[in-house]
Amino acid sequence: VQVQGVDVASDAGAVKARALMAGMQGACYSEEGSLNKFLVDDKGLLFLFVFGLPPLVHIDDPRRACWASLAMSQLMMQMELTGRIGITTGRVYCGIVGSNTRREYTVMGDTVNLSARLMSSAAANSVLVDETTFKRCQSDFTFLKLSPIRVKGKENKINIFSPQMPAQSTALPAAPAVALPDSVERLECPSKVSFVFKVISKRSGQNIAVRLPWPPKSTLLGGDSPLTEMRDWSCLQEVHESVDSILSSSGTPLIISGPSGSGKEELVESVMKRCADNGMGPVFGT
């Protein structure tokens with residue numbers, strides 16, 4: 001991420017940079033990403049955010065990166081700054097580099113280099129992603145398919161795409177509609193990025209906001225899966241016992257893990273519904 005318009009050498013600029021850092025970290029951490037680098041050079045401020053660093057690894061990390069980048073873009077425009085963002089998906093080296101004198105934890109590789117090229121090629125206040133990221137996120141966002149570009153280190157032109165803020169997003173306002181040039185194609189997504197429900201608490205009668213980053217799966221929230229109706233499902237029983245323990249205490253994180261297809265999303269929805277029924281909110285499942 002490149003940000004221009006902040007003079008960190010001045011008192012006012014330092015205060016603005018601090019506010020920017022807090023906002024950028026908030027957008028990143030809300031999607032469980034990591035801030036790896038913050039640099040200041042003649043091109044402005046540079047941030048390196050990484051999604052998928054252990055132990056915060058998710059099957060939908062590309063989607064999380066796109067969603068966080070759109071929130072960052074909105075933040076920079078609200079602060080009257082100019083930002084450019086590049087996102088790529090792939091395998092990278094992750095670990096310690098340096099010597100006994102100076103070392104750091106970082107990520108390195110072609111994927112990292114390409115994200116920097118995309119950032120440099122992005123228009124002001126826009127986000128560019130590579131084709132791998134697009135394929136992993138095309139069901140979650142509307143994308144603009146732009147003309148292929150040449151970048152340093154690549155023999156052939158690469159396909160680039162730009163994710164757009166969902167019109168029905170509950171988190172941030174959608175970007176205004178603009179006329180598209182002939183070289184740009186809009187690729188619509190079939191679903192929203194964030195799904196928010198109002199659950200009436202059985203204890204207090206109040207509406208509790210429940211947010212999901214996926215379409216509802218269980219019948220509890222309007223989905224088709226009947227897994228949460230299986231009272232003899234041992235996993236569901238264990239999760240409910242854990243939730244009841246949390247509700248009787250001051251609260252603690254609850255981590256549900258398991259192989260793909262084991263019903264984790266249905267279990268998360270059951271947890272969120274049970275918490276909302278007992279007046280705990282807002283509730284977020286990830």
Side-chain angles (χ1 to χ4, degrees), residues 1-4 27-28 31 33 36-37 43-44 46-53 57-74 76-77 82-94 107-169 172 174-194 213-214:
V1 180
Q2 180 188 65
V3 184
Q4 296 175 314
C28 174
E31 298 298 331
N36 183 254
K37 284 186 177 64
K43 298 180 181 179
L46 293 175
F47 296 83
L48 175 59
F49 296 99
V50 187
F51 291 78
L53 289 180
V57 180
H58 313 86
I59 194 172
D60 64 340
D61 276 318
R63 182 205 64 81
R64 292 168 179 265
C66 287
W67 179 241
S69 71
L70 292 175
M72 293 175 188
S73 182
Q74 291 287 320
M76 290 183 284
M77 287 190 288
T82 301
R84 294 175 172 83
I85 303 176
I87 303 176
T88 52
T89 300
R91 290 185 175 274
V92 300
Y93 168 80
C94 169
V107 290
M108 301 174 63
D110 182 65
T111 301
V112 181
N113 296 337
L114 180 56
S115 67
R117 308 300 182 203
L118 294 184
M119 177 195 72
S120 300
S121 301
N125 299 317
S126 69
V127 182
L128 289 184
V129 307
D130 65 347
E131 190 166 13
T132 302
T133 304
F134 162 72
K135 290 180 178 178
R136 294 280 297 274
C137 303
Q138 58 184 326
S139 62
D140 298 308
F141 296 88
T142 293
F143 282 87
L144 298 182
K145 183 179 181 181
L146 308 177
S147 298
I149 62 172
R150 292 190 180 278
V151 297
K152 183 179 179 181
K154 296 292 183 180
E155 181 177 352
N156 300 320
K157 289 185 177 181
I158 63 170
N159 295 322
I160 56 173
F161 307 83
S162 180
Q164 304 299 295
M165 182 64 70
Q168 297 180 335
S169 168
L172 293 168
V178 296
L180 302 177
D182 294 337
S183 60
V184 177
E185 177 184 359
R186 183 180 296 274
L187 305 175
E188 299 291 345
C189 72
S191 63
K192 295 189 296 181
V193 172
S194 183
W214 59 73

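Index from 1, following the sequence. The figures that follow rest on heavy atoms only: side chains count, while hydrogens, waters and symmetry mates do not. Because the structure is predicted, anything quoted here is derived from the model rather than measured.
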Which atoms form the tightest heavy-atom contact between F51 and A68, and what is the distance? CZ-CB, 3.8 Å
So F49 and F47, would you call those rings parallel, tilted or perpendicular, with 30° and 60° as cut-offs? parallel
Verdict with supporting geometry, C28 and M72, side chain to side chain contact (heavy atoms under 4.5 Å, CB included): CA-CA 8 Å; C28 174; M72 293 175 188; 3.9 Å; yes
d(M76 CE, Q4 CD) to nearest 0.5 Å is 10.5 Å
Write down the atom of R150, the atom of E155, and the distance for their closest heavy-atom approach. NH1-O, 3.0 Å
Determine whether a donor-acceptor pair (N or O, by modelled atom type, separation under 3.5 Å) exists between the side chain of S126 and the backbone of A122. no
Check: E131 main-chain N/O paired with R136 side-chain donor or acceptor under 3.5 Å: no
Take atom NZ of K135 as the centre, draw a 6.0 Å sphere, and report whether it contains more than 12 heavy atoms from other residues, nucleotides or ligands. no
Please test L53 against V107 for side chain to side chain contact (heavy atoms under 4.5 Å, CB included), starting from the C-alpha separation and ending with a verdict. CA-CA 9 Å; L53 289 180; V107 290; 4.0 Å; yes
In chain order, what residues pass the side-chain hydrogen bond (donor to acceptor under 3.5 Å, both in side chains) check against K157, with sequence neighbours excluded? none
Atom pair OG1 (T88) and CG (D130), whose distance is rounded to the nearest 0.5 Å: 5.5 Å
All heavy atoms of P163 vs all of V129, minimum pair found to be CD-CG1, 3.9 Å
Looking at CG of L114 and CD1 of I158, how far apart are the two atoms once the value is rounded to the nearest 0.5 Å? 4.5 Å
Is there a donor-acceptor pair closer than 3.5 Å between any side-chain N or O of N159 and the backbone N or O of P148? no
Evaluate salt bridge (Lys or Arg N to Asp or Glu O under 4.0 Å) for K154 paired with D110, printing each intermediate quantity in order. CA-CA 10 Å; K154 296 292 183 180; D110 182 65; 2.7 Å; yes
Heavy-atom donor-acceptor pair, S69 side chain to C66 backbone, under 3.5 Å: yes
Do the ring planes of F161 and F134 sit parallel (below 30°), tilted (30 to 60°) or perpendicular (above 60°)? parallel
Show your working on side chain to side chain contact (heavy atoms under 4.5 Å, CB included) between W67 and C137 and close with a plain yes or no. CA-CA 10 Å; W67 179 241; C137 303; over 6 Å; no
Exercise: identify the closest heavy-atom pair between D61 and G52: OD2-CA, 3.2 Å
Taking every heavy atom of L118 against every heavy atom of I87, the minimum-distance pair comes out as CD1-O, 3.7 Å
Quick one: OG on S162 to CG on L146, what's the gap to the nearest 0.5 Å? 6.0 Å
How far apart are the closest heavy atoms of R84 and T82, and which atoms are they? NH1-CG2, 3.7 Å
From R63 atom CZ to Q138 atom CD, the distance as rounded to the nearest 0.5 Å: 15.0 Å
Who are the salt bridge (charged side-chain N to carboxylate O under 4.0 Å, His left out) partners of K43, not counting sequence neighbours? none
Indicate yes or no: at least one non-hydrogen side-chain atom of L144 is less than 4.5 angstrom from one of Q164. yes
Taking atom CZ of F141 and atom OG1 of T133, what is their separation to the nearest 0.5 Å? 11.0 Å
